[in-house]
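Notes follow the structure.
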Amino acid sequence: VYFYSGPGNFSEEEPCTGVRYRLCAALSSASPPEMLRGKRVIVTGASSGIGEQMAYHLARMGAHVLLTARTEAKLQKVVEKCLDLGAASARYVSGSMESTAFAEEVVKEAENIWGGLDMLILNHIGRSYFNFFNGDVDHVRKLMETNFLSYLAMTTSALPMLKESEGNIVVVSSISGKVASPFVAPYSATKFALEGFFSSLRHEFIIEKVNVSITLCILGYINTENAVRAVSHIIKKAPAPKEECAMEIIRSGALRQRELHYPASTVTPTLLLRDLAPEFLDGLVRNNMRVENIKRPPPARGSGH
Ligand SMILES: NC(=O)C1=CN([C@@H]2O[C@H](COP(=O)(O)OP(=O)(O)OC[C@H]3O[C@@H](n4cnc5c(N)ncnc54)[C@H](OP(=O)(O)O)[C@@H]3O)[C@@H](O)[C@H]2O)C=CC1
Ligand SMILES: C[C@H](CCC(=O)NCCS(=O)(=O)O)[C@H]1CC[C@H]2[C@@H]3C(=O)C[C@@H]4C[C@H](O)CC[C@]4(C)[C@H]3CC[C@]12C
């Protein structure tokens, strides 16, 4: 067993103490699934896709889960399956994250039923499109409410409980929140906003010695129904599996990692594409997308597009 002796390095001399010991224990013995038994976890966007799969993994680990999305019928089915899979408890709250008031209501429910919180997994996204930007600024404003401001509202409401438990904030983002690419302008803006806000907040936590971890999950193309329906006619490469993706998100949060890159191939663009010559990047996009299949949408009312 290596002993953690400071930011980023391990030594065999200094014994671990306090928080450092927990990190050592996490890295050296207990696997994440055992670390989440009995833990109290909120998962947003849990009625389908990656969020649904995270709910099932957490259930198998014996966690308490509070799930949220808009579609009550879907949430009921996910909760039932979570109980069958061994969740310590499973409940849902249905509503739209277009309203930050609902976001705060979800956290209040966790306080009411559990009296505390160990992990907050922010995962939901509002409906968007994979196409040229059509000038619809109102769509961007609405998506900022759903994909960004609701994450901030939940984080702010949950922070006292997370400080108490020395818990985790897991923010599900995308390669399009690190590297610009075409056809996702509104969605990408919300993901870049998450990067800026939560990376800055993590600095403040370190300065103020707030022992709450923030894990940013940088995901590539994942085989969820909505994503495949939206882009499979354009993006050539095969998407990664949502089940494994969900497990890696939970693992990275439980191990208090700063970032998860899944699939691993997403690391390359974030390290290289920022500085690559535009013509190389254009070529990369063209090689990965059937751009000819994109049909430009009608311009939004009053836009110059
Ligand atoms: N799939 C992919 O290729 C990639 C996904 N990601 C990220 O992973 C996360 C999950 O994506 P994915 O599983 O594909 O998404 P899905 O579209 O499969 O699921 C979206 C979830 O959000 C919920 N949701 C949608 N609108 C709202 C709303 N207004 N208020 C509250 N909940 C809402 C949906 O449930 P309901 O409709 O019942 O409300 C659903 O549970 C997102 O943050 C996404 O950016 C990142 C990179 C790639
Ligand atoms: C277009 C997708 C959003 C689909 C959507 O509207 N979901 C909610 C539906 S609901 O309201 O009915 O619940 C995009 C979601 C994830 C995007 C993909 C991603 O983030 C990874 C890549 C990033 C890259 O910059 C472009 C290609 C991506 C595969 C990207 C494509 C668009 C999404 C699938």
Side-chain angles (χ1 to χ4, degrees), residues 42-55 67-78 92-103 105-106 121-131 139 142-151 153-154 170-195 216-246 248-249 260-263 265-266 269-270 273 281 284-285 288-291 294:
I42 290 174
V43 184
T44 73
S47 68
S48 64
I50 299 166
E52 178 186 1
Q53 298 306 318
M54 286 195 279
L67 310 178
T68 182
R70 291 167 306 175
T71 313
E72 188 161 11
K74 290 184 187 176
L75 285 170
Q76 282 172 341
K77 291 196 174 106
V78 175
Y92 70 85
V93 184
S94 61
S96 176
M97 291 287 182
E98 289 169 33
S99 139
T100 50
F102 174 70
E105 186 189 317
V106 175
I121 303 182
L122 300 165
N123 169 74
H124 63 277
I125 46 169
R127 181 179 296 280
S128 189
Y129 53 79
F130 189 66
N131 209 321
H139 170 67
K142 194 173 168 187
L143 212 58
M144 274 293 175
E145 289 281 352
T146 305
N147 294 11
F148 174 60
L149 291 176
S150 66
Y151 283 41
M154 291 194 81
V170 178
V171 180
V172 182
S173 189
S174 162
I175 182 73
S176 62
K178 286 272 193 184
V179 177
S181 66
F183 314 131
V184 283
Y187 167 80
S188 180
T190 70
K191 293 303 190 180
F192 266 91
L194 290 174
E195 164 81 22
L216 259 172
C217 302
I218 311 303
L219 306 184
Y221 184 22
I222 309 297
N223 70 348
T224 63
E225 257 183 63
N226 282 329
V228 169
R229 188 184 317 119
V231 305
S232 56
H233 63 301
I234 296 160
I235 293 184
K236 298 175 184 173
K237 69 175 185 177
K242 61 189 176 185
E243 297 81 1
E244 182 181 66
C245 176
E248 289 309 306
I249 291 171
L260 164 72
H261 288 255
Y262 181 90
S265 57
T266 62
T270 59
L273 287 188
L281 177 56
L284 202 66
V285 168
N288 273 289
M289 294 182 184
R290 298 184 185 89
V291 181
I294 292 261

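Numbers here simply count residues along the sequence, with the first being 1. Read the numbers this way: they start at 1 and go in the same order the structure lists the ligands and their atoms.
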For [atom], which of [options] has the closest heavy atom?
atom: atom 30 (C) of ligand 2; options: Thr71, Ile125, Val184, Ile218; result: Val184
atom: atom 19 (C) of ligand 2; options: Gly220, Pro182, Ser174; result: Ser174
atom: atom 10 (C) of ligand 1; options: Thr68, Asn123, Val171; result: Asn123
atom: atom 44 (C) of ligand 1; options: Tyr187, Tyr262, Tyr221, Phe102; result: Tyr187

Q) Can you list the ligand 1 atoms lying under 4.0 Å from a non-hydrogen atom of Ser47? A)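 Listed by number with element: 34 (C), 35 (O), 36 (P), 38 (O), 40 (C), 41 (O).
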Q: Considering only protein heavy atoms, determine whether one is less than 4.0 Å from atom 16 (C) of ligand 2.
A: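 Under the 4.0 Å cut-off, atom 16 (C) of ligand 2 does have protein heavy-atom neighbours.
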Sub-4.0 Å heavy-atom approach of [X] to ligand 1:
X: Cys217; value: no
X: Lys191; value: yes
X: Ser150; value: no

Q | Region of Ser176 that comes within reach of ligand 1 [heavy atoms, distance under 4.0 Å] | A |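 Near ligand 1, Ser176 shows nothing, with every heavy atom at 4.0 Å or more.
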Q: Determine whether the side chain, the backbone, both or neither of Ser96 has a heavy atom under 4.0 Å from any heavy atom of ligand 1.
A: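 It is both parts that get close, each with some atom under 4.0 Å.
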Q: For ligand 2, indicate whether the residue Glu225 contacts it via side chain, backbone, both or neither (heavy-atom separation under 4.0 Å).
A: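 It is neither; nothing of Glu225 touches ligand 2.
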Q) Between Tyr187 and ligand 2, which residue portion shows a heavy-atom distance shorter than 4.0 Å: side chain, backbone, both, or neither? A)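 For Tyr187, only side-chain atoms sit under 4.0 Å from ligand 2.
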Q) At what distance is the nearest protein heavy atom to atom 27 (C) of ligand 2, and which residue and atom is it? A)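 Here the nearest protein heavy atom works out to Ile235 CD1, 3.6 Å.
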